[in-house]
J.: 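The structure is given below, and queries will be raised subsequently.
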There are 2 protein chains.
Amino acid sequence: MTSTPTAGKAGRRRDPEKDAQILQATLDVLAETDYADVTIELVAARAGAGRHTIYRRWEGKDELILAAIACTDSADLGPDGLPDTGTLRSDFLALLDPNWMGGNERRLRILSSVSAMITRTTKAVDAVTKAIVDPSTAAYRFLIQRAVDRGEYAPPRNLDALAQVIPSMAAYRAFFMQQVVDEEFMLSIIDGVVLAALREPSAVNR
Amino acid sequence: MTSTPTAGKAGRRRDPEKDAQILQATLDVLAETDYADVTIELVAARAGAGRHTIYRRWEGKDELILAAIACTDSADLGPDGLPDTGTLRSDFLALLDPNWMGGNERRLRILSSVSAMITRTTKAVDAVTKAIVDPSTAAYRFLIQRAVDRGEYAPPRNLDALAQVIPSMAAYRAFFMQQVVDEEFMLSIIDGVVLAALREPSAVNR
DNA sequence: CTAATACGGCACTAGACAGTGCCGCAATCG
DNA sequence: CGATTGCGGCACTGTCTAGTGCCGTATTAG
């Protein structure tokens, strides 16, 4: 669908840059307004493109948005992009700064904008799950597991549930309460919930 | 605005029932579809009313929806409506059944539908906060505090954060993950997070 | 009864937006 | 060069829906 006519066809080639520009513009608009307010016109203008250029590459509005979600940059949430500060608490805090709050703030806004779509399309749920929800949970699961492995805490009763605490509460606050997810809030969750639910290993302590 | 002409005016009186029917229909539609798909036509049809009857009472679509949110029945979340089973764990579980899942399932759906509105209007945030977010948090805060008061657990480090765990994680799951908030899931949060973060009182135990 | 208001149903206006067609220009192949 | 395709911009169609006006009917005060 987005393939460039590499064959021996005549004619001008599709600009691969445009794909990225359009998807990025889509994410920008999605992060700033709401799904219903995302117009192709707006995206095209933002990307410096014509509407046709968009319709030539994607079936329609929904397909475009799904593609944009799928290319949300979650690479920084892979094990390699995660901080390793020595303690779980400061790992959590390190996530707050660089990619995370601007990074995450953006992810949260996109997440909320797409919510309208989620209630209708199964594909949207899949896209959001794959691009945003799963990577976030996986990142926290990784950090906690690593802390357990190095003996900082005893293995938790339910790692998966614990790994979802911060994404859930941050999303709830940013989205439904429309309040900033700042360090103060994060600390209240980290200390008051996640770390509180973890126990020191009963035997040797460090 | 919704006042019935009680003065010595002539003419047919406004049907007070209609107010409730229309607001209820609005909530129904909100719970089933999405904010953008809530048409006055749909609400009117559901309420067995004409569109004029709606416009006669509210300024427009947004006002109607705000009014509907405000009348979400959260009375069952007051202290009097909450279960008192003797232990915090079974209190939590009791919330899952009666008003809660059908009750809460409905609240969650409405919450998600209004999300589109939240990103634009401050009033919507206020309405949702007052009608849904705050009552939910308050209910859990009450249950936890009561358990602490009767000596079941030691006072938590951060009661407010803890009280938001279940609403947040339930909303996140129901909304962004589009998965059912069933007993299995609730138990994983209750045991794996909330109760894990609470400690037995160090001194006399019960 | 008469005047005034509420009600449901229908038709209408106005605006917004998805999607398409066309034009002129740019790039690329043979 | 000529054919073919990509591109931005403009105009157009079709649809959907908020909001309003009108009609016939029902209700109520005086």
Side-chain angles (χ1 to χ4, degrees), chain A residues 1-26 29-30 32-68 113 116-117 120-121, chain B residues 1-26 29-30 32-68 113 116-117 120-121:
Chain A
M1 182 184 298
T2 319
S3 62
T4 315
T6 41
K9 295 289 206 66
R12 182 175 174 173
R13 305 291 176 76
R14 279 190 195 171
D15 186 357
E17 290 263 331
K18 277 295 166 193
D19 281 73
Q21 285 175 21
I22 292 170
L23 291 176
Q24 202 55 44
T26 305
V29 177
L30 219 45
E32 285 168 18
T33 71
D34 177 67
Y35 168 78
D37 294 332
V38 175
T39 66
I40 301 290
E41 173 65 36
L42 214 61
V43 172
R46 176 76 63 111
R51 303 231 291 284
H52 258 314
T53 308
I54 294 179
Y55 284 111
R56 196 175 292 120
R57 291 155 201 248
W58 294 279
E59 290 282 335
K61 185 178 170 179
D62 282 359
E63 302 295 327
L64 169 65
I65 294 184
L66 287 177
S113 292
M117 211 173 158
R120 291 185 312 208
T121 325
Chain B
M1 182 184 296
T2 319
S3 63
T4 316
T6 42
K9 296 288 207 66
R12 181 174 175 175
R13 304 291 177 76
R14 280 190 195 170
D15 187 356
E17 290 263 332
K18 278 296 166 192
D19 282 72
Q21 284 175 20
I22 292 170
L23 290 176
Q24 203 54 44
T26 305
V29 177
L30 266 179
E32 286 168 16
T33 71
D34 176 66
Y35 167 79
D37 294 333
V38 175
T39 66
I40 301 290
E41 172 66 35
L42 215 61
V43 173
R46 175 76 64 109
R51 303 231 290 286
H52 259 313
T53 308
I54 294 179
Y55 284 111
R56 197 175 291 121
R57 292 156 201 249
W58 294 278
E59 289 283 335
K61 184 178 170 180
D62 282 0
E63 303 296 325
L64 170 65
I65 294 184
L66 287 177
S113 291
M117 212 173 157
R120 291 185 311 205
T121 325

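So that the names make sense, note that chain A is the first sequence line, chain B the second, and so on, each numbered from 1.
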J.: Below 4.0 angstrom from OP1 or OP2 of dG8(D), is there any side-chain N or O of Lys18(A)?
T.: yes
J.: Under a 4.0 Å heavy-atom cut-off, which of residues 43-53 of chain A touch DNA chain C?
T.: Arg51(A), His52(A)
J.: Do Leu23(A) and Trp58(A) make a side-chain contact, defined as non-hydrogen atoms from C-beta onward lying under 4.5 Å apart?
T.: yes
J.: Send over the distance from Gln21(B) CD to dA6(C) P, rounded to a whole Å.
T.: 17 Å
J.: Nearest 0.5 angstrom please: Arg46(A) CZ to Thr39(A) OG1, how far?
T.: 10.5 Å
J.: Any chance you could measure Leu30(A), atom CG, to Ser113(A), atom OG, to the nearest 0.5 Å?
T.: 5.0 Å
J.: Any protein N or O atoms within reach of nucleotides 24-26 of chain D? Criterion: under 3.5 Å, listing atom names and distances.
T.:
none

J.: What nucleotide among dA18(D), dG19(C), dA6(C) has an atom nearest to a side-chain atom of Lys61(A)?
T.: dG19(C)
J.: Go through the structure and list residues passing side-chain hydrogen bond (donor to acceptor under 3.5 Å, both in side chains) with Gln24(B), not counting sequence neighbours.
T.: none
J.: Grab the CG-C1' distance between Leu42(A) and dA16(C) for me, whole Å please.
T.: 13 Å
J.: Measure CZ/Arg57(A) against C1'/dG8(D) and give the value in whole Å, please.
T.: 12 Å
J.: Choose from dA4(C), dA18(D), dC7(D) the nucleotide whose nearest atom is closest to any side-chain atom of Asp15(A).
T.: dC7(D)
J.: Under a 4.5 Å cut-off applied to non-hydrogen side-chain atoms, are Arg56(A) and Thr53(A) in contact?
T.: yes
J.: Can you tell which of dG19(C), dA4(C), dA18(D) lies closest to the side chain of Tyr55(A)?
T.: dG19(C)
J.: When you compare the side chain of Asp19(A) with that of Arg14(A), does any pair of heavy atoms fall below 4.5 Å?
T.: no
J.: Think Arg14(B) has a side-chain N or O under 4.0 angstrom from the OP1 or OP2 of dA6(C)?
T.: yes
J.: Are the side chains of Lys61(B) and Val43(B) in contact, using a 4.5 Å heavy-atom criterion?
T.: no
J.: To the nearest Å, how far apart are Glu59(B) CD and dA18(D) P?
T.: 16 Å
J.: Do Leu64(B) and Val38(B) come close enough that some side-chain heavy atom pair is under 4.5 Å?
T.: no
J.: Send over the distance from Ile40(A) CD1 to dG19(C) P, rounded to a whole Å.
T.: 6 Å
J.: Measure OH/Tyr35(B) against C1'/dA18(D) and give the value in whole Å, please.
T.: 11 Å
J.: Using whole Å, report how far CD1 of Ile54(A) lies from C1' of dG6(D).
T.: 14 Å
J.: So, does Arg56(A) get its side chain near the phosphate of dG21(C), meaning an N or O under 4.0 Å from OP1 or OP2?
T.: no
J.: In whole angstrom, what separates Asp62(B)'s CG from dG19(D)'s P?
T.: 8 Å
J.: Do side-chain atoms of Lys18(B) reach the backbone of Gly48(B) as a donor and acceptor pair under 3.5 angstrom?
T.: yes
